[in-house]
Protein chains: 2
Amino acid sequence: MPTSPAPLAERSLPLRERKKLRARRELVETALRLFLDRGFDETTLNDLTEAADVSLRTFFRMFPSKEAVALAAESELWDAYLEQFARYDIDGTVLDALRDTLVTTIANMGEDWTRRFLATRGLVARTPALRDHSDLTSITVQRRLVEILETKLDTDSRTDVRLRQLGEIALASWRCAAKNWIRDNPGPRGGKAKVARLAREVREAFDAIPACITLRP
Amino acid sequence: MPTSPAPLAERSLPLRERKKLRARRELVETALRLFLDRGFDETTLNDLTEAADVSLRTFFRMFPSKEAVALAAESELWDAYLEQFARYDIDGTVLDALRDTLVTTIANMGEDWTRRFLATRGLVARTPALRDHSDLTSITVQRRLVEILETKLDTDSRTDVRLRQLGEIALASWRCAAKNWIRDNPGPRGGKAKVARLAREVREAFDAIPACITLRP
DNA sequence: CTATATAATGCCAGTGACTGGCAGTTCTTG
DNA sequence: CAAGAACTGCCAGTCACTGGCATTATATAG
């Protein structure tokens with residue numbers, strides 16, 4: 001099985017960097033395979049590094065933790081999202097901007113990412129340690145989002161609580177969407193359509209917010 | 001130094017239970033002292049269990065992790081909150097109910113809790129591992145909140161996203177409030193007034209939500 | 001093309017959180 | 001008071017993660 005096709009960015013990088021990227025991809029790919037096969041907790045880092053033919057020490061130079069390699073696909077999404085949002089020129093409400101950029105980012109992630117992300121979410125759904133780590137990651141994203149908002153709106157989040165709340169609400173919507181999505185999509189097949197469904201879930205979660213605050217029993 | 005005065009609940013419990021509670025309190029108290037003194041990461045569980053005169057094995061029968069003993073005060077708040085909210089008869093909007101019960105719960109936590117909670121938050125502010133664990137705890141609370149909401153409103157959170165969103169928003173408000181609160185209150189002194197301020201921060205965070213969704217640059 | 005600087009890697013021997021198992025002790029209860 | 005239940009302590013083990021150093025591979029200067 002060939003590893004995922006090399007992104008264009010890889011070409012014409014110094015040899016050293018290319019090797020690094022290759023090893024990294026090898027680790028992510030092998031990790032996903034092993035974790036799906038035997039389970040996350042049942043696979044030791046020794047198993048993984050041996051299978052990927054990388055020393056344990058090197059593994060920890062590339063990933064900060066065992067969880068991180070399993071959640072690599074999610075990290076890629078967040079990097080793309082934050083970059084996208086940082087560029088985005090907010091026209092309407094901030095909340096709409098947060099929603100639209102996220103939906104767009106998801107839609108633009110590409111074929112190979114979709115495959116890995118689906119696998120990852122399946123893993124997250126049945127592994128408490130990964131679920132925790134995934135939640136933690138989303139909270140980190142929220143913090144970075146607030147920083148971007150501070151720049152964009154030229155306001156300090158300390159003086160205006162709303163910046164922080166917006167970050168929280170955006171990632172809350174994401175968590176809702178991701179949870180609803182994986183619930184209705186347990187199987188591992190069918191890339192494109194599923195991603196479209198995820199984007200729709202995200203949109204719905206964001207749009208449900210106004211109706212939340214007035215909900216009565 | 002005497003440990004904190006025994007709550008009334010302790011009286012007339014079987015001897016075994018009382019001993020267990022006493023050991024537990026001893027651990028929490030000692031942990032807080034050691035962690036504040038030397039730092040969380042710099043204190044090993046060996047240090048702690050030795051100082052509290054409990055075997056390591058017993059420690060892990062009482063707490064699921066090193067972080068848990070440091071965050072005991074927070075857990076107590078959440079237990080109280082969930083119980084309070086479960087009883088509460090929602091009259092106006094759900095969001096108001098979530099806010100009011102949280103504010104009330106905080107205000108009713110008692111003297112000794114206040115002291116420990118202040119210390120805990122100071123620790124959380126300067127210890128990444130604890131900050132993570134605290135965030136994780138709040139997400140767990142959110143899940144339990146959604147379950148309670150499902151019962152109260154007799155609705156499945158799968159069919160109505162708003163339940164989950166409300167849980168998220170409530171805990172998001174808590175995180176905002178806690179963050180703003182500790183920022184302006186670095187010192188370890190002055191119990192009652194600070195708790196009042198925390199309650200106010202919570203109220204403000206909740207009340208900022210409607211204005212969030214319409215915020216424009 | 002060689003020599004030297006630079007950086008990535010592999011290896012080893014930790015540290016420390018957490019766990020299973022078992023033997024001994026302490027409560028509870030009939 | 002005896003039998004059983006519930007703890008507790010101890011021991012040895014697993015595994016994620018880390019610091020330090022020798023080795024090797026790449027980049028660069030002469």
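Letters go in sequence order (proteins before strands), and every chain restarts at 1.
Annotation: salt bridge (Lys or Arg N to Asp or Glu O under 4.0 Å) contacts of B:Arg164 (sequence neighbours excluded): none. Applying the side-chain contact (heavy atoms from CB on, under 4.5 Å) criterion to A:Ser75, with sequence neighbours excluded, gives no partner residue. Listed by chain and residue number, nothing satisfies the side chain to side chain donor-acceptor pair (under 3.5 Å) test with A:Arg24 (two or more places apart in sequence, or in another chain). Under the side-chain contact (heavy atoms from CB on, under 4.5 Å) criterion, B:Phe59 pairs with B:Leu27, B:Leu45, B:Leu48, B:Thr49, B:Phe63, B:Val69, not counting sequence neighbours.
Rounded to a whole Å, the NZ atom of B:Lys20 is 14 Å from the C1' atom of C:dT26. Here the C1' atom of nucleotide D:dC10 and the CZ atom of B:Phe59 are 17 Å apart, to the nearest Å. Summarising the geometry, the separation between CZ on A:Phe40 and P on D:dA16 is reported as 8 Å, rounded to the nearest angstrom. Atom CZ in A:Arg18 sits roughly 14 Å away from atom C1' in D:dA25 (whole-Å rounding). For the pair A:Glu50 CD and C:dG10 P, the interatomic distance rounds to 13 Å; values are reported in whole Å. Going from atom CG of B:Asp41 over to atom P of D:dT18 covers 11 Å, rounded to whole Å. Distance A:Lys19 NZ to C:dA7 P: 17 Å, rounded to the nearest Å. In this structure, the CG atom of A:Asn46 is 13 Å from the P atom of C:dG10, given to the nearest Å.
Pairs of residues two or more places apart, or lying in two chains, that qualify as ring pair (Phe, Tyr, Trp, His ring centres under 6.0 Å) and include a residue from residues 34-55 of chain B are B:Phe35-B:Phe40.
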Check: protein-nucleotides 13-16 of chain C nitrogen or oxygen pairs below 3.5 Å:
none

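Candidate nucleotides C:dC18, D:dT26, D:dT8 were compared by shortest atom distance to the side chain of B:Glu67, and C:dC18 ranks first. For B:Arg57, whose side chain is taken as the heavy atoms from C-beta onward, the closest listed nucleotide among C:dG21, C:dC11, C:dC27 is C:dG21. Side-chain proximity of B:Met62 to D:dT8, C:dC18, C:dG10: nearest is D:dT8. Among the nucleotides C:dT26, D:dC7, D:dA16, the one closest to any side-chain atom of A:Phe60 is D:dA16. In this structure, of D:dT18, C:dG10, C:dC18, it is D:dT18 that holds the atom nearest to the side chain of A:Leu56.
Within 4.0 Å of B:Thr49, counting heavy atoms only, lies no atom of the nucleic acid at all.
Taking 4.0 angstrom as the limit, A:Thr58 places a side-chain polar atom (N or O) nearer than this to OP1 or OP2 of C:dG10.
The pair B:Lys19-B:Glu26 fails the salt-bridge criterion, with no side-chain N (NZ, NE, NH1 or NH2) lying under 4.0 Å from an Asp/Glu carboxylate O. With salt bridges taken as basic N to acidic carboxylate O contacts below 4.0 Å, none links B:Asp112 and B:Arg25.
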